[in-house]
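Report on one structure; see the data block that follows.
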Amino acid sequence: MIAHTTSSPAHSRSVSIIVPTLNEEENIGPLVSQITACAVPFLEILFVDDHSTDATRAEIRALEGSHPIRLIEQDDADLGLAGAIMSGARAARGEILVVMDADLSHPPERMKDLLAPLFTGTADLVVGSRYVQGGSTADWPMWRRIVSRTGAALAYPLTGLHDSMCGFFAIRRSRLLELAPQTSGFKIVFETVVRARGTLRICEIPITFRERVRGKSKMSFGVAVRFLFRWLAATFQHVVRDVGRREQVGLVPRVAERLHPEAPGK
């Protein structure tokens, strides 16, 4: 179900912001400044760091004394992006989670619009979308647009989302912990929506996805192609599982009829 966005003042302080990091030392300070400048009430910012080799952790610790920041160090596992988000969700103290990237590609000023439907109870999951009216991907090369659009289009029949690959979203902590799989990789919104099987009220708001200014991007053509193939595999697996479930459910009446052929005439 797709819910319409409604405006509402941010009236809850039970919001945890989860930011996965990997070698983002130049972006930590600017990101925290942008988040605090938005005047969106939040309980904490949880940085979940995945084996950074630069000064990312030092930058985070330097801000802990002046901001409600916590650092979670993922040194004992290689869980990937989705695993980092789930580590943050399990550790979070807030009832509502906002998830965003550390490279300043996601606009913190849109957090108010992400949170409004959750505050008013009109949505369970709100996704920042590059592919609804008003959304955009500024300065992307053509190959990246093609890969991203292809993945989003293939996932749409299963999710009803125009941008289920976006990593900028808000959801109630209890719902994410209930629905998200124990997975590594990148597809946490996709997996969560598919596993919900239509029980989530979902809203998409338009965002402008910005290219990073500082630090080194982890995205390349090779990475994007591998990303797309993993996405295709995940989509195919869900289609196969869904068909299998429907066939299994469809077999039940036929089996019952063979066991009790006289039942329809009673």
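These numbers were taken from a predicted model, which means no experiment stands behind them.
Residues R57 and S52 share a closest heavy-atom pair of NH2-N, 4.4 Å. Taking all atoms of both residues into account, the shortest heavy-atom contact from G88 to I72 is CA-CD1, 4.1 Å.
Y131 and L161 end up in different hydrophobic clusters when Ile, Leu, Val, Met, Phe, Trp and Tyr side chains are linked at under 4.5 Å. Linking ILVMFWY residues whenever their side-chain heavy atoms come closer than 4.5 Å, directly or via other members, places V98 and L31 in the same cluster. Residues M86 and V127 are members of one and the same hydrophobic cluster, defined by side-chain heavy-atom contacts under 4.5 angstrom among Ile, Leu, Val, Met, Phe, Trp and Tyr. A chain of hydrophobic side-chain contacts below 4.5 Å, direct or via other Ile, Leu, Val, Met, Phe, Trp or Tyr residues, connects L177 to I202. By the criterion of side-chain heavy atoms lying less than 4.5 angstrom apart, applied directly or through intervening Ile, Leu, Val, Met, Phe, Trp or Tyr residues, L63 is grouped together with F42 in one hydrophobic cluster.
Panel note: side chain R110, backbone I205; no donor-acceptor pair is recorded below 3.5 Å. The backbone N or O of S105 lies less than 3.5 Å from a partner atom in the side chain of D103, making a donor-acceptor pair. Remark: the backbone N or O of V132 is not paired with any side-chain donor or acceptor of E204 at under 3.5 angstrom. Remark: the backbone N or O of V189 is not paired with any side-chain donor or acceptor of S164 at under 3.5 angstrom. Without hydrogens or angle criteria, R201 side chain to G121 main chain gives a donor-acceptor distance under 3.5 Å.
Atom CG of L46 sits about 10.0 Å away from atom CD1 of I69, to the nearest 0.5 Å.
When each of T192, V193, V194 is tested with F190 by the rule side chain to side chain contact (heavy atoms under 4.5 Å, CB included), just one qualifies, namely V194. Residue D49 forms a side-chain hydrogen bond (donor to acceptor under 3.5 Å, both in side chains) with just one option from N23, T56, T21, and that option is T21.
The closest side-chain heavy-atom distance from E59 to F47 is not below 4.5 Å.
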Begin from the C-alpha positions of R145 and T137 and carry the test side-chain hydrogen bond (donor to acceptor under 3.5 Å, both in side chains) through to its verdict.
-> CA-CA 8 Å; R145 292 176 187 270; T137 51; 3.2 Å; yes
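For the pair E64 and R61, the salt-bridge criterion is not met [side-chain N within less than 4.0 Å of a carboxylate O]. Salt bridge status for D124 with R175: absent, with no side-chain N to carboxylate O gap under 4.0 Å.
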